[in-house]
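Below is one structure, written out as structure tokens; comments come after it.
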Amino acid sequence: MDDMLKDFVVEAMDLAVNVEEHLLRLERDPDNKETLNAVFRSFHTIKGGAGFMGLPALVAACHLTENLFDALRTGAAPVTPIAIEAALQASGFVADQLTELANGAAPESLPAMPEELEHILTNAIEGKGMDAPAPAAAVVAQAAAPVAEVVVAAPAAAISTASADGLDWEGMYNAVVPAGSQVAAAPASAVAAAPAVVAAAAAKPAAKAWDGAERREDRPEVRHAAPVKEDSIRVDAVKLDALLEVAGESVQAANQAAVLLERLLQFKFEGQAATLMATLAETLERASRYSTELQRATLATRMQPVGRLFQKFPRLVRELAKDLGKDVELTIEGAETEVDRVVVDSLYDPLVHMLRNSLDHGVESPEARLAAGKPAKSYISLKAWQEANSVMIVLQDDGKGMDPVFLRSKAQQKGLISENAQLSNDECFQLVFLPGFSTKEVASSVSGRGVGMDVVKTAVEKNRGAIHIESTLGKGTKFAIRLPIELSIVPTMLVSTSGAALALPMAVVQRVVELPETFMEVGGAPVLKDQGRPLPVRSLAGALGYESCSERVGIVVAAPQPYILAVAAVDGTADLVIKPMTAITVEGITGTARSAEGELVLVVGLSFLMDGCRGSVRLAA
């Protein structure tokens, strides 16, 4: 794909996504002229670019849809469900063609516009037989016949001496023209029109017919206009990734240099050596400051609003709800929240799976909701916001909720957990993430194969995130996803236990407390009161399978079920460049990093900590 076509595809795909959002808004508010105009402009812009790039199918679809919205804007056709459906189908066809181009298809290999799409667009344009007023264009066209033709025709006609209004137009005409130009009598109707035509011809020369080319030389204000300033450029994402890695490494190098300098300053320097050390300290401080600014600026280039992802879902919910016979409205909040572009790209599939499960399993049919005393329409909300160094994404519905007893029974039937497993309600909710788990007896086109929610948890944990479920029978279900704002550089707390250097994401660290020699116990497990509430105490060494050691420092972890994590020592905080572990997989460890001293540090996974330093549910042996 050449650069011009690539730029067109990127811009057109952005417009196509916005079109769907506008169409769904128009469905709720048919009288919104601003939305009508926005859709019209989008299709008009895509059509122009498609015509330039030689894409006839796109041009045809956009042209018909443009005609439809021109009719809707002017009131010649009403905004009906058929019109919205036609525009959505056209938008889908445009998106499909753009996707094929983005995937490397040659422009000449693209399919033509389907006849069904042309038919439904034509019907929508006609307004379902709506009687339109007589077009004024025909009258204007007749009145605007070429001037020269009328003026020449008048002398050749037979003229009567007076017209129907009693005025002698022929006589007045002959009185104002040279002697050789007098005309004979003409029909009154022709003569009646002559004075106006002649006056117009005298006031302005006959206009030259437009040949379709816009001549800029006739518009000096355009010819001398300054070129439009570009406010943005497109950069390959791979280049941004490489830049971020370099920025992170430079920060790490600056931190290590600062530690080495601090150690050097413990020695006594005199004379010229002291001057050099002072200059070195100043230079390293400036280098550290600039490397930090470089890192911050590079991170900003990778941040994207989650709205880019969220705006794809309203149509998905609308179509699926229609297929399932349910009345569902999706509300979106926090679309402006920014997160690393890698996170945005990787969240699409998980959120699609969650929405499909919410629509199929969660929300009830209108009849069932009315029988339960609920409104017939159900609501699904999708929210995003920043919380400390994390981004929270919450998907919530007001459906029937999840029954933990039923979930446990299903998992036992499928052999996913042992018959004697004793699980809390939260652990029962986590069962839905097990591969092969489903509450449906027969798989449908929407759900039931037991792979969707497994994909969700895998994708979230791959991005060093965590997911938690809350549900109440008859009230609804909430899925809360916590993700780092950016993936490569993570604020961490450095700890040590059993001789190992570890890093904990600061996103879950509330505070550090001192642990006593002995603990009170509840059910045989150690418990410590923190701010008046008893919290279980768990050993980090024990959770990771290390040798036991003396752990006298506790970290209060902000998990769905808060607890205290016992470690041997806390060594400070640091922003670390995280390298994912690809060769081996260790439970609880999500990656490695280098401390300021150059020491290798293992990074404990966010999901592992959120689940209480243990696998959420163990599979049956």
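Because only heavy atoms are used, hydrogens play no part in the values below, and waters and symmetry mates are left out as well, while side chains stay in. For this chain, numbers begin at 1 and follow the sequence in order.
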| task | Apply side chain to side chain contact (heavy atoms under 4.5 Å, CB included) to Asn37 and list each qualifying residue two or more places apart in sequence or on a separate chain. | result | Arg41, Arg73
| Pro484 and Val339: which non-hydrogen atoms are nearest, and at how many Å? | O-CG2, 3.9 Å
| Is there a donor-acceptor pair closer than 3.5 Å between any side-chain N or O of Ser358 and the backbone N or O of Met354? | no
| said: If you count heavy atoms of other groups shown closer than 6.0 angstrom to NZ of Lys239, is the number above 12? | reply: no
| said: Go through it in stages, so that I can follow the logic: the residues are Leu609 and Tyr563, the test is side-chain contact (heavy atoms from CB on, under 4.5 Å), and I'd like the CA-CA distance, side-chain angles, deciding distance and then a yes or no. | reply: CA-CA 10 Å; Leu609 294 171; Tyr563 63 96; 3.9 Å; yes
| Donor-acceptor under 3.5 Å (Thr337 side chain, Ala384 main chain) | yes
| task | Answer yes when Glu249 and Lys579 have at least one side-chain N-carboxylate O distance shorter than 4.0 Å, and no when they do not. | result | yes
| Minimal non-hydrogen separation, Leu5 against Pro107, with atom names | CD2-CG, 3.9 Å
| request: Kindly indicate whether the side chain of Thr283, heavy atoms from C-beta on, has any atom under 4.5 Å from the side chain of Arg286. | output: yes
| query | Tell me, do Gln430 and His468 make a side-chain contact under 4.5 Å, heavy atoms counted? | reply | yes
Would you tabulate the side-chain donor-acceptor contacts of residues 49-67 under 3.5 Å, counting partners in other chains and residues two or more places apart, or write 'none'?
unit_1 : atom_1 : unit_2 : atom_2 : d
His63  : ND1    : Lys47  : NZ     : 3.4
His63  : NE2    : Asn67  : ND2    : 3.4
Thr65  : OG1    : Ala61  : O      : 2.7
Glu66  : OE1    : Lys47  : NZ     : 2.6
Glu66  : OE2    : His44  : ND1    : 2.4

| Can you check whether Val432 reaches Lys457 side chain to side chain, under 4.5 Å on heavy atoms? | no
| Nearest heavy-atom pair of Ala87 and Phe69: which atoms, and what distance? | CB-CE1, 3.6 Å
| query | Below 4.5 Å, heavy atoms only, C-beta onward: do Thr477 and His361 meet side chain to side chain? | reply | no
| Close side-chain approach of Leu602 and Thr592, heavy atoms under 4.5 Å | yes
| task | To the nearest 0.5 Å, tell me how far His353 NE2 sits from Phe479 CZ. | result | 12.5 Å
| Are any of the side-chain heavy atoms of Val512 and Val553 separated by less than 4.5 Å? | yes
| Taking every non-hydrogen atom, the tightest pair across Phe93 and Met113 | CZ-CA, 3.7 Å
| request: Taking the side chain as every heavy atom from C-beta outward, state whether Glu470 and Pro560 have any atom pair closer than 4.5 Å. | output: no
| Who are the salt bridge (charged side-chain N to carboxylate O under 4.0 Å, His left out) partners of Arg341, not counting sequence neighbours? | Asp241, Asp345
